[in-house]
Undergrad: 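Sending over a structure as structure tokens; questions will come in a sec.
Counting begins at 1 with the first residue of the sequence. Since the model is a prediction, treat every value here as computed from it, not as a measurement.
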Amino acid sequence: MTSTHRFEVWAPTPSTVRLRVDDAVHDMTASSDGWWRVDAPAELESRYGFLLDDDDTVLPDPRSPRQPDGVHSPSQLHELDRSAWTDAAWTGRQLAGAVLYELHIGTFTPAGTFDSAIERLDHLVDLGITFVEIMPVNAFNGDHNWGYDGVLWYAVHENYGGPDGLQRFVDACHTRGLAVVLDAVYNHLGPSGNYLDRYGPYLAEGANTWGRTINIAGAGAAEVRTYIIQNALRWFREFHIDALRLDAVHALVDDTAIHILEELAVETQRLSAHVRRPLTLIAESDLNDPKLISARSAGGYGLQAQWDDDLHHAIHAAVSGERQGYYGDFGSLSCLAHTMRHGFFHAGTYSSFRGRQHGRPIDVRRTPASSLIAYTCTHDQIGNRAIGDRPASYLDAGQLACKAALVLTSPYTPMLFMGEEWAASTPFQFFTSHPEPELAKATATGRKSEFEEHGWDTDDIPDPQDPETFLRSKLDWSELGDQPHAQLLDCYRRLIALRRERPELTDPWLPQLTVDYDEDHQWIVVRRGGLRLACNLGTEPVTVPAGGRPLIWWEQPTPDETGSATLIPGHSFAVLDAT
């Protein structure tokens, strides 16, 4: 049905802007603030785009709601069907007390779509998950990608199911009591399909690891900041998303008096009050700066949480023995105990990997540990290894169980990465599908060069452009019934169930936590109220000075006759109840 639609675009750079809707071209009128507008007839399925100056190339809308033909093609008008929502009774979930599960839509299931992912949501419910975190789904060039090469932030990747597929996925999650976290990238744009700089000053002069930085503090930045904040709020408001994971916020270069993260936190809180459900902001940051998760009244940005790589490094290095790269400062039980008690290991201390002082201490009396996300692995910690190998490929099942127990009984908010719970044998490798031969070659060459510098045999490094690299990274759901997969899955279920049952485990206040350890005999005991987690990270059985009734274990522990000590087999753990 044809109707008149208001088309508008912020484009202060070109001298003229015209709108093309299907085969019709319409002149647009500029206002003093750089916005161009026109009312034109259009159908819901109409393709449209903008012609800048004398260039006849039709460019997609920076705020395109849908890109059915790819990011280089015209946009399409689209509105979600509001009557399709069935989650009117959904009141949301607070992050404290939650268990997160990170997944990649394209590799979570063989079909790699939102609809096929819905078919596996009951597995997550049975596991005890409460928040499903999906890696970026905004529009990028190519068929498959990790998602961090997005160029049209308002559109949803068509191969996953487009915006309607995302709506069905979120609705299905809410039906099952699952909140949804969406990974959002605001620190850079992908290398193919980015036309924003043709419209206006979206990009700054500087660059980060992934490309040109976004202009959020220079001339013309006000509209760019609005572009970002309106995008974030759109996910909350229109798609009923419950939380955003903000990618690499340390790459947001903002020296204005009010940081864009604080501005986003204010607007998110305002919207949360209106929709009457919690809306959560979670940062990924390597700064170890408590300001991100401190209240605005205390001079912070007011975000609810941030990922904590120090916790990952401390646990992983202690269990695995790996010391390369940024693991160099980690690995001792002293380091693990300190990080478990304080959240950050590098907190105004020297970081050998960085070659400088790094971080700032968290005030554990005022900042709850639930504001830090803890994990045994993530897409980065697996996929950014040279061959994308999961811990299950180089650790035994007992070591994996110990890592799980340290995270799931901690005072931090735990997060799993898809397949971790059953020690999936499939890797999660870095994959791309850039159609441009030059970009494809540069991506593959750059990947090999990066790891060659660290001593890896480049013959082992998978080509990210090879379709098999993507296919190898898909989960194999047939493994769940086999051993040791089934045993580990049961262990995860029991640990998460215990976390839900015992308030000691969701208590977020770190002063209540105590840790004992023995470097020589490789055991560590974490005390949480009446519960004790005893882990033996060595290969030989050890007696630890912790007693109580065994609740969960990997291999059967043996309490001594006095009830004050317990024999823990090698590469095993036990949760003991001393009440």
Side-chain angles (χ1 to χ4, degrees), residues 99 308 310-323 327 330-341 374-378 381-382 389-412 414-417 419-424 483-499 505 513 515-528 531-546 548 550-558 566-576:
V99 180
D308 190 343
D310 277 17
L311 280 166
H312 169 270
H313 299 348
I315 293 171
H316 178 80
V319 174
S320 70
E322 291 191 339
R323 298 292 186 278
Y327 294 136
F330 299 86
S332 69
L333 293 184
S334 171
C335 165
L336 176 56
H338 178 90
T339 311
M340 291 289 287
R341 287 195 300 258
Y375 33 84
T376 72
C377 52
T378 68
Q381 301 303 337
I382 299 172
D389 50 334
R390 292 172 177 265
S393 68
Y394 52 89
L395 300 178
D396 64 38
Q399 291 173 301
L400 299 176
C402 286
K403 292 178 72 175
L406 285 164
V407 167
L408 290 169
T409 64
S410 78
Y412 305 98
M415 182 179 75
L416 282 58
F417 181 68
E420 165 193 342
E421 69 274 22
W422 77 78
Q483 295 297 353
H485 304 293
Q487 182 184 0
L488 191 66
L489 177 58
D490 180 65
C491 181
Y492 268 83
R493 283 174 175 153
R494 288 186 291 134
L495 285 168
I496 294 173
L498 185 66
R499 185 177 184 86
L505 298 184
L513 177 147
V515 185
D516 296 319
Y517 59 91
D518 187 319
E519 296 277 10
D520 294 331
H521 295 95
Q522 286 294 284
W523 60 258
I524 185 168
V525 174
V526 182
R527 291 179 167 81
R528 309 284 318 279
L531 298 178
R532 284 92 174 91
L533 169 66
C535 289
N536 178 6
L537 305 185
T539 57
E540 300 299 320
V542 294
T543 298
V544 301
L551 298 177
I552 303 173
W553 57 85
W554 181 249
E555 290 191 20
Q556 182 75 50
T558 306
T566 307
L567 180 69
I568 307 293
H571 288 180
S572 186
F573 78 88
V575 179
L576 310 170

Undergrad: Tell me the closest heavy-atom pair linking Ser334 and Glu519, and the distance in Å.
TA: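 Shortest heavy-atom contact: N-OE2, 2.7 Å.
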Undergrad: Going by heavy atoms in the side chains, are Arg528 and Leu513 under 4.5 Å from each other?
TA: yes
Undergrad: Does any part of the side chain of Pro391, heavy atoms only, come nearer than 4.5 Å to the side chain of Leu400, both counted from C-beta?
TA: yes
Undergrad: Tell me, please, which residues at least two apart from Gln483 pass side chain to side chain contact (heavy atoms under 4.5 Å, CB included).
TA: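 Only Ala486, Gln487 meet the side chain to side chain contact (heavy atoms under 4.5 Å, CB included) criterion with Gln483.
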Undergrad: Considering residues at least two apart in sequence or located in another chain, which fulfil the side chain to side chain donor-acceptor pair (under 3.5 Å) criterion with Trp422?
TA: Glu479
Undergrad: Not counting sequence neighbours, which residues clear side chain to side chain contact (heavy atoms under 4.5 Å, CB included) with Pro550? List them please.
TA: Trp553, Pro557, Pro559, Leu576
Undergrad: Taking only residues two or more places apart in sequence, or in another chain, which ones meet Asp396 in a salt bridge (Lys or Arg N to Asp or Glu O under 4.0 Å)?
TA: none
Undergrad: Side chain to side chain contact (heavy atoms under 4.5 Å, CB included) with Glu322: which residues, sequence neighbours excluded?
TA: His316, Ser320, Gln324, Tyr327, Arg385, Tyr394
Undergrad: Considering all heavy atoms of both residues, which atom of Gly570 and which atom of Asn536 are nearest to each other, and what is their separation?
TA: CA-ND2, 3.3 Å
Undergrad: For the residue pair Leu333 and Ala318, what are the closest heavy atoms and their distance?
TA: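 That closest heavy-atom pairing would be CD2-CB, 4.3 Å.
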Undergrad: Quick test of your reading: applying salt bridge (Lys or Arg N to Asp or Glu O under 4.0 Å), list the pairs with at least one residue in residues 483-495, sequence neighbours left out, ordered by first then second residue.
TA: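 Output for this query lists Asp126-Arg493, Asp490-Arg494.
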Undergrad: For Arg527, give me all partners under salt bridge (Lys or Arg N to Asp or Glu O under 4.0 Å), at least two apart in sequence or on another chain.
TA: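 Scan of Arg527 (salt bridge (Lys or Arg N to Asp or Glu O under 4.0 Å), adjacent residues dropped) gives Asp516.
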Undergrad: Ile568 and side chain to side chain contact (heavy atoms under 4.5 Å, CB included): which single residue from Val544, Thr543, Leu537 fits?
TA: Val544
Undergrad: Are Trp554 and Cys491 packed together at the side-chain level, in the sense that at least one heavy-atom pair is separated by less than 4.5 angstrom?
TA: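 They are in side-chain contact.
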Undergrad: Check side chain to side chain donor-acceptor pair (under 3.5 Å) between Thr376 and all other residues, then give those that pass, not counting sequence neighbours.
TA: Glu420
Undergrad: Which residues satisfy the side chain to side chain donor-acceptor pair (under 3.5 Å) test with Asp310, sequence neighbours excluded?
TA: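 Expected list: Asn288.
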Undergrad: Just jot down the ring pair (Phe, Tyr, Trp, His ring centres under 6.0 Å) partners of Tyr412, sequence neighbours excluded, or say none.
TA: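 Tyr412 satisfies ring pair (Phe, Tyr, Trp, His ring centres under 6.0 Å) with no other residue.
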Undergrad: Apply side chain to side chain contact (heavy atoms under 4.5 Å, CB included) to Ser393 and list each qualifying residue two or more places apart in sequence or on a separate chain.
TA: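 Partners of Ser393 under the side chain to side chain contact (heavy atoms under 4.5 Å, CB included) test: Asp389.
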